[in-house]
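Note sheet for the following structure.
Reminder, nothing fancy here: chain letters follow the sequence lines and each chain counts from 1.
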Amino acid sequence: MENTNNSHTLDHKTLTKSFHRWFWGALTCFSQEHMQTFGYMASMLPILRKLYPKHEDQVKAIKAYTAFFNTNPMLGTVIVGITASMEQARANGKEIDGETINDMRAGLMGPIAGIGDSLIDGTLIPILLGISLGMSSGGSPLGAIFYIVAWVLIAYFGQRFLYFRGYRFGGQAVSFLVGKQGAAVRHAIGIVGSMVVGGVLASWVNVTTSLKLYGSNGKVFLNLQDKLNSIYPGLLTVLITLFCWWLMTKKHVSAIWTMLILVVISLIGVLLGFFNPGLSY
Amino acid sequence: MENTNNSHTLDHKTLTKSFHRWFWGALTCFSQEHMQTFGYMASMLPILRKLYPKHEDQVKAIKAYTAFFNTNPMLGTVIVGITASMEQARANGKEIDGETINDMRAGLMGPIAGIGDSLIDGTLIPILLGISLGMSSGGSPLGAIFYIVAWVLIAYFGQRFLYFRGYRFGGQAVSFLVGKQGAAVRHAIGIVGSMVVGGVLASWVNVTTSLKLYGSNGKVFLNLQDKLNSIYPGLLTVLITLFCWWLMTKKHVSAIWTMLILVVISLIGVLLGFFNPGLSY
Amino acid sequence: MENTNNSHTLDHKTLTKSFHRWFWGALTCFSQEHMQTFGYMASMLPILRKLYPKHEDQVKAIKAYTAFFNTNPMLGTVIVGITASMEQARANGKEIDGETINDMRAGLMGPIAGIGDSLIDGTLIPILLGISLGMSSGGSPLGAIFYIVAWVLIAYFGQRFLYFRGYRFGGQAVSFLVGKQGAAVRHAIGIVGSMVVGGVLASWVNVTTSLKLYGSNGKVFLNLQDKLNSIYPGLLTVLITLFCWWLMTKKHVSAIWTMLILVVISLIGVLLGFFNPGLSY
Amino acid sequence: MTINWLQAAILGLFACLCSNSCMAGQAVGNYTIGRPLVGGLVCGIVLGNLQLGIACGVAMQLVYIALVTPGGTVSADVRAISYIGIPLAMVAISSQGLNPLGGSAANLAKSVGTLVGTVGTVLYYAVATMNLVWQSFGWKDVHNGKLDKLTAVNFGWPWVSHALFSFLPTMLLTYYGATAVTALQTALPMDGIAMKTLFTVGGMLPCVGIAILLRQIIGRVVDFIPFFVGFTLAASLHLNLVSVTVVSLMFAVIVYELEMSRGSKPTNGTTADGPSDENAEEDI
Amino acid sequence: MTINWLQAAILGLFACLCSNSCMAGQAVGNYTIGRPLVGGLVCGIVLGNLQLGIACGVAMQLVYIALVTPGGTVSADVRAISYIGIPLAMVAISSQGLNPLGGSAANLAKSVGTLVGTVGTVLYYAVATMNLVWQSFGWKDVHNGKLDKLTAVNFGWPWVSHALFSFLPTMLLTYYGATAVTALQTALPMDGIAMKTLFTVGGMLPCVGIAILLRQIIGRVVDFIPFFVGFTLAASLHLNLVSVTVVSLMFAVIVYELEMSRGSKPTNGTTADGPSDENAEEDI
Amino acid sequence: MTINWLQAAILGLFACLCSNSCMAGQAVGNYTIGRPLVGGLVCGIVLGNLQLGIACGVAMQLVYIALVTPGGTVSADVRAISYIGIPLAMVAISSQGLNPLGGSAANLAKSVGTLVGTVGTVLYYAVATMNLVWQSFGWKDVHNGKLDKLTAVNFGWPWVSHALFSFLPTMLLTYYGATAVTALQTALPMDGIAMKTLFTVGGMLPCVGIAILLRQIIGRVVDFIPFFVGFTLAASLHLNLVSVTVVSLMFAVIVYELEMSRGSKPTNGTTADGPSDENAEEDI
Ligand SMILES: OC[C@H]1O[C@H](O)[C@@H](O)[C@@H](O)[C@@H]1O
Ligand SMILES: OC[C@H]1O[C@H](O)[C@@H](O)[C@@H](O)[C@@H]1O
Ligand SMILES: OC[C@H]1O[C@H](O)[C@@H](O)[C@@H](O)[C@@H]1O
């Protein structure tokens with residue numbers, strides 16, 4: 001590589017192209033083995049082509065991006081932006097090599113996956129959907145349209161912002177996640193995430209029992225759901241969730257098996273008259 | 001001034017007189033230019049007359065109080081009390097001059113205005129009025145009477161307490177506001193103030209839209225207010241408030257102009273059928 | 001005592017016996033003078049018999065336990081466990097004497113009484129009873145049975161756990177109460193206790209006034225209870241409680257006298273028409 | 001219902017006593033006599049219909065519950081609301097034969113209140129401006145050493161400002177206002193654009209007051225959070241203000257303790273100064 | 001419904017088992033057998049009317065839900081409430097032919113419970129006082145080295161106290177009480193001053209219990225805040241106790257972390273001692 | 001209602017665009033087109049019954065409101081729910097003549113959605129697995145320095161995976177599914193064990209999604225507390241999610257400040273490094 005040349009700068013067009021490739025392609029060629037690796041390479045290509053005129057340098061440079069990569073594709077955009085700026089520094093002969101880049105990527109992808117999944121999938125999307133569902137009750141398309149517009153705008157401009165922030169500030173862009181304030185910010189975000197996830201569970205999921213015991217006079221003698229509600233509203237819902245959590249976390253049961261166990265529980269519950277979704281045509 | 005005489009002490013009667021002058025006269029001769037300056041001078045007169053037998057000394061001493069002064073007249077009472085004790089110290093030849101006194105006054109009047117306005121006007125009065133309004137619904141004078149008695153007692157004895165606390169402890173009386181605990185106390189008070197102000201807004205102000213869209217069958221197809229409530233109860237109220245805050249804080253629009261802008265918004269909203277207060281005789 | 005013998009270890013059976021004696025007998029021979037002293041001695045007897053084969057040593061050893069003792073009998077179990085391990089250490093010639101043991105007992109019994117009474121009597125029992133009462137409404141024995149089973153299991157295994165934890169870790173078993181984390185844990189427990197006690201008061205106690213003033217037209221003109229509720233729901237309940245607290249804490253009135261004062265207040269209130277429980281056959 | 005000269009004069013007198021710069025002091029004048037709730041009581045007694053007065057006062061008070069006037073910035077004037085607005089509203093309501101406790105009466109009261117409250121700010125600034133004259137007397141007195149005259153400057157002369165801009169307008173408007181109100185009602189029907197706009201504005205005015213307060217409270221964007229929490233507690237959970245206050249105290253204590261535990265850092269920073277400092281801190 | 005000698009004796013036996021100082025231990029006796037909810041079950045079985053027993057137990061339990069007895073300070077005695085109060089209430093209710101699940105029956109139960117609960121404190125103090133006799137035996141035994149006798153002192157002799165002050169009063173009062181209750185009902189009608197006062201006091205009694213608890217919890221005035229927050233959550237928002245507990249845990253964790261972060265200051269103060277200390281702290 | 005080949009093909013195309021690894025990108029594909037709410041809009045337009053489509057979408061969306069897929073762990077597949085489930089549900093509902101906005105229609109929609117959603121995970125893993133083939137092409141390209149081909153690997157070839165496992169199944173299932181659905185309805189009546197079980201599972205499936213999320217969030221047992229607080233606020237107080245978020249921000253700020261005030265300890269530990277550091281901290 002031309003270590004002496006100090007004048008490689010990425011123009012806005014190249015960066016935008018790289019961003020768009022990530023925006024559209026982060027997971028298009030996903031596999032359980034390499035996950036987002038190819039999406040990442042595809043979005044780095046425009047950068048490498050620009051920075052390294054010689055084909056052989058490009059080939060050398062791409063090697064850094066063949067390492068396994070997976071993170072939350074929304075928040076993770078910032079990492080792509082950071083590597084763009086690191087790659088530029090490397091092209092300009094700064095003391096950065098592929099390993100440095102990969103250490104950064106490997107170090108960030110974990111926390112950002114965790115934060116992103118809980119913040120985007122667990123917090124933001126349920127809030128947006130919750131609002132939109134209310135608007136679409138009664139069969140109105142309003143809610144769906146609102147959701148499309150609101151989310152696509154947030155996602156596109158949000159990710160774009162993150163990409164360029166990553167490019168401009170490099171590692172500092174996420175210093176609030178890994179630097180001094182790191183633990184604090186993540187802890188605070190975790191509080192919001194946890195509380196909203198709890199709220200989502202209570203608002204949208206409602207596991208109930210239909211068990212009622214009748215006295216000799218035919219009157220209801222025990223309405224179990226009412227009793228459970230008087231203990232703690234939503235008790236069954238929260239218990240089933242904790243049970244799934246326990247299975248997966250403490251017993252290392254996979255999600256699929258957890259679901260099958262729920263099928264068994266449901267079947268037994270239905271047979272015993274404990275569960276009855278009250279279906280009818 | 002007679003720096004050697006060390007025996008000037010203010011008697012209770014003089015202090016009470018000074019306090020009463022502030023209590024009744026803090027803002028009687030208010031102008032946008034000098035604000036509470038004359039109220040302050042008037043309440044210092046009895047003190048100066050007592051401390052400085054010679055007329056020329058009185059005239060010299062009052063000069064310190066010609067400086068601009070404005071603060072929350074309730075909590076600000078403590079400042080008057082403090083100056084009484086400083087003036088006494090000055091009369092007794094302590095190393096205090098008009099400048100010291102004025103520095104103290106200038107330093108305290110700002111924070112105390114902020115805390116006082118939000119604590120008294122924004123927190124205490126709305127709570128008292130809220131309670132009293134409930135008692136007076138149905139046209140009963142009970143609430144009004146309760147309000148008069150409760151508030152006048154709180155105000156009179158509260159201010160009296162502050163005045164004498166200020167006199168007795170001097171600067172230490174407000175050490176909890178400016179000393180070591182200062183930031184903590186002010187921050188904590190700020191939390192209470194903010195939350196109650198939020199509560200006041202939600203309890204007593206209710207900006208709603210009357211926009212309803214009707215389907216071809218004449219049934220309501222969109223009740224915007226309901227939709228907004230399902231997003232966040234009170235959304236419009238809070239948005240209008242934030243808009244006013246933004247105009248005044250970020251765009252430096254005056255309160256009067258902000259109101260005029262609201263008039264324009266209301267007019268347009270009424271014409272568009274967005275606002276309709278539902279008036280009728 | 002045989003200071004040289006280093007091999008005294010308490011077997012599980014002896015410890016269990018000692019625990020059972022405390023579980024059943026902590027307060028059986030209670031008096032206002034010695035409180036739980038005899039319960040303590042009775043539960044230490046099996047320990048002493050085991051550790052000191054010679055009768056005279058037993059008699060010497062029991063002296064440490066003749067000192068006044070009183071604590072919350074549930075949480076206090078941990079103290080009995082701790083003394084078991086200290087006694088064992090003393091029997092093995094460690095530098096522990098009766099005074100050390102008594103200092104520990106005296107130091108712990110206070111805080112554990114406070115925490116325990118508020119945590120068990122004030123927090124746990126009301127929660128359990130509250131749940132059970134709901135199940136027993138309508139005359140069903142379900143709630144009572146649930147309460148018996150739930151509480152006895154919690155109490156027996158909880159205390160057993162505490163006893164053996166005390167024995168195993170000695171003073172460290174309660175290090176979280178008195179050590180570095182001490183203040184923090186106690187403060188945190190205090191928050192839970194206080195909030196739940198507040199919740200218990202609001203949920204289960206409801207002092208109301210029946211005072212209603214009627215206008216000339218016979219319509220209710222003032223429904224005092226409604227007015228009070230609009231000020232702060234549950235106002236009278238909380239005021240009566242604060243009044244009792246004030247009597248007992250600030251005026252050092254005993255509980256019995258406080259109750260008699262309540263009788264007087266009730267009588268006057270009933271005569272004035274302020275209180276009327278609305279009884280009827 | 002009509003208003004005679006004596007009644008109008010009494011109302012004019014009360015108008016002098018209240019408002020932000022007023023003759024009865026802040027606590028008693030501005031915060032007590034000036035508030036519509038109390039104004040309703042006063043007007044009810046003066047005009048001989050207590051219930052109607054209170055009902056109008058309650059309706060208007062609801063709109064101006066959190067009136068703040070930082071640095072003399074006044075978004076609506078209590079003297080005009082209470083002693084011009086309430087009497088006129090009372091006349092209008094009783095001339096229309098409306099039920100004083102009904103919703104229409106309250107609506108009418110609010111719209112009159114909004115109108116005069118906003119207009120009344122003119123009176124407020126007029127009084128404060130005229131006080132500059134007396135203050136100029138005061139400066140001369142201070143300069144010439146005539147301190148005894150300061151009392152008159154602060155307590156005496158401002159009555160002239162009020163005579164002109166509180167007493168007269170109130171007396172005249174309430175005396176002649178009855179006809180005006182009736183004319184106004186014909187000219188501006190309740191379901192017309194003007195009244196609808198006016199009343200919509202009236203409903204929004206408290207937002208300006210709250211916004212003024214927020215300007216003082218909000219420094220950084222996170223400072224909005226407790227404000228929103230308070231709003232949520234009241235709007236979504238219908239907690240009343242005393243209850244909101246109770247909850248806010250919990251957070252206040254936490255924030256206080258938090259600041260105090262952090263506040264010690266600078267002191268830590270000075271540990272080099274000597275151990276005595278440190279010990280002092282440990283005692284806390 | 002009548003109560004025969006056998007039934008009365010069984011109730012007397014249960015009375016011995018419960019109360020604060022009792023023969024069945026704290027956990028089983030005082031907290032289980034003694035509580036009116038369980039007492040209702042027992043009395044219902046013994047007197048052959050389960051539903052009525054439970055209903056009376058529930059009504060009385062509501063009044064004594066947070067009974068605390070710090071340092072042996074007893075504001076109402078569970079043995080009297082459960083094993084004198086419930087049986088008498090059952091007799092009274094069925095003799096009146098009231099619906100066991102109705103409000104009047106519950107009211108009657110509560111008033112009987114309040115009456116005997118307060119009166120029962122006499123029984124409580126009597127037992128505790130008589131125990132002084134056995135304790136004096138115990139001191140002698142300790143002094144004379146007869147340790148084996150201590151078991152009898154703690155577990156045996158107190159049965160005598162209970163025979164006198166739990167068994168006998170309960171048996172007699174429940175056996176002869178039926179007539180007494182009927183007489184009482186005639187003498188003290190429900191709408192009379194006495195019963196109204198009694199029941200008003202009954203409603204307030206739990207306040208004493210809570211106040212006793214508060215005395216332990218409240219050190220400084222700010223300690224009232226979480227208490228008021230809990231009260232507000234339940235009174236204004238109708239949160240149940242489990243939910244209140246959940247919310248309180250949030251604050252508890254914050255307070256814990258706060259204290260811990262402050263608790264480290266003294267350690268900071270000792271930084272001069274050496275770097276090892278510091279590192280230990282940084283690990284936390 | 002019937003589905004013709006063109007309609008089925010369009011639905012198949014949309015199925016290619018969404019799901020977790022999809023052709024329209026995460027934001028637009030997975031989070032927008034894939035979600036049942038949007039799927040309902042699309043299917044409604046394609047099948048010519050907007051209202052019914054939306055109603056089915058809303059019903060199914062409710063079940064999958066918090067679908068999380070950490071590390072590609074998918075508990076239900078949005079492509080199958082939205083573009084197989086919704087069309088089939090629409091056919092079934094209209095063939096039964098049910099009111100599209102009624103509860104039975106929603107129930108039916110949910111049960112179809114649950115069924116295909118779970119089954120659809122097979123499609124998801126099939127696509128991801130087939131992508132391994134194109135990735136193996138990619139590795140060769142990288143190795144051989146043919147970087148230009150990487151774009152085709154990432155954006156081109158995966159269409160083949162989707163043609164096989166998204167387009168075809170969707171097209172065939174929706175085209176032939178109408179009959180199947182009717183057959184299914186006869187074979188598995190709504191009040192039969194199978195359907196009851198299926199729907200019970202459907203109601204529980206979101207718990208798995210939440211549990212997956214919790215696995216990421218929960219480190220220590222105290223981390224459950226904010227989760228429970230959020231649950232309590234929504235379940236007991238019926239706060240909506242925006243309001244819950246507002247309240248959570250209050251705690252988040254406190255926790256942030258708490259950590260920051262503690263986070264400064266290590267810095268304190270380095271005070272020996274020089275006073276400049278310290279000053280920097282004091283400025284904060
Ligand atoms: O803001 C401080 C202070 O300013 C002016 O003096 C008046 O508007 C007062 O009402 C206010 O409290
Ligand atoms: O207060 C500690 C303790 O004191 C006495 O021993 C009894 O009243 C117990 O119930 C109580 O727990
Ligand atoms: O968990 C991180 C990340 O893993 C995979 O890439 C996908 O399942 C994404 O949806 C997820 O965000």
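In this structure, F:Phe227 has its ring center at least 6.0 angstrom away from the ring center of A:Trp245. Taking the six-membered ring for Trp and the full ring otherwise, the centers of A:Phe38 and F:Trp139 sit less than 6.0 Å from each other.
How far OG of A:Ser194 is from CD1 of F:Ile225: 10.5 Å, rounded to the nearest 0.5 Å. Considering NE2 of A:His55 and NZ of F:Lys146, their distance stands at 10.0 Å, rounded to 0.5 Å. Atom CD1 of F:Ile210 and atom SG of A:Cys244 lie 10.5 Å apart (nearest 0.5 Å). For the atom pair F:Ile193 CD1 and A:Leu267 CG, the distance stands at 7.0 Å (nearest 0.5 Å). A:Met195 contributes atom CE, which lies 5.0 Å from atom CG of F:Leu233 (distance to the nearest 0.5 angstrom). From F:Arg35, atom CZ reaches atom OG of A:Ser132 across 12.0 Å, with rounding to the nearest 0.5 Å.
Side chain of A:Thr28 to backbone of F:Asn154: a donor-acceptor contact under 3.5 angstrom is found. Formation of a donor-acceptor pair under 3.5 Å by the F:Gln135 side chain with backbone atoms of A:Cys29 is found in this model. For the pair F:Asn131 (side chain) and A:Phe30 (backbone), a donor-acceptor distance under 3.5 Å is present.
A:Pro141 touches chain F through backbone and side chain together, each having a heavy atom under 4.5 Å away. Interface residue F:Asp148: backbone and side-chain heavy atoms are both found under 4.5 Å from chain A. Contact annotation for A:Met35: both backbone and side-chain heavy atoms come within less than 4.5 Å of a heavy atom of chain F. For A:Val152, the part lying near chain F is the side chain, with the backbone staying farther off; criterion is any non-hydrogen pair under 4.5 Å. Contact annotation for F:Leu62: both backbone and side-chain heavy atoms come within less than 4.5 Å of a heavy atom of chain A. Neither the backbone nor the side chain of A:Leu128 has a heavy atom closer than 4.5 Å to any heavy atom of chain F. Contact of F:Leu147 with chain A is made through backbone and side chain together, with heavy-atom distances under 4.5 Å. Of the atoms belonging to F:Ile217, it is side-chain heavy atoms, and not backbone ones, that fall under 4.5 Å from chain A.
The shortest heavy-atom contact between A:Val205 and F:Cys207 is CG1-SG, 4.0 Å. The two residues F:Val201 and A:Val263 have their closest heavy-atom pair at CG2-CA, 3.5 Å. Taking every heavy atom of both residues into account, A:Ile191 and F:Ser248 meet most closely at CG2-O, 4.1 Å.
The candidate with the highest count of non-hydrogen atom pairs below 4.5 Å against chain A, out of F:Thr232, F:Val247, F:Asn30, is F:Thr232.
A heavy-atom distance below 4.5 Å is found between the side chains of F:Leu249 and A:Val192.
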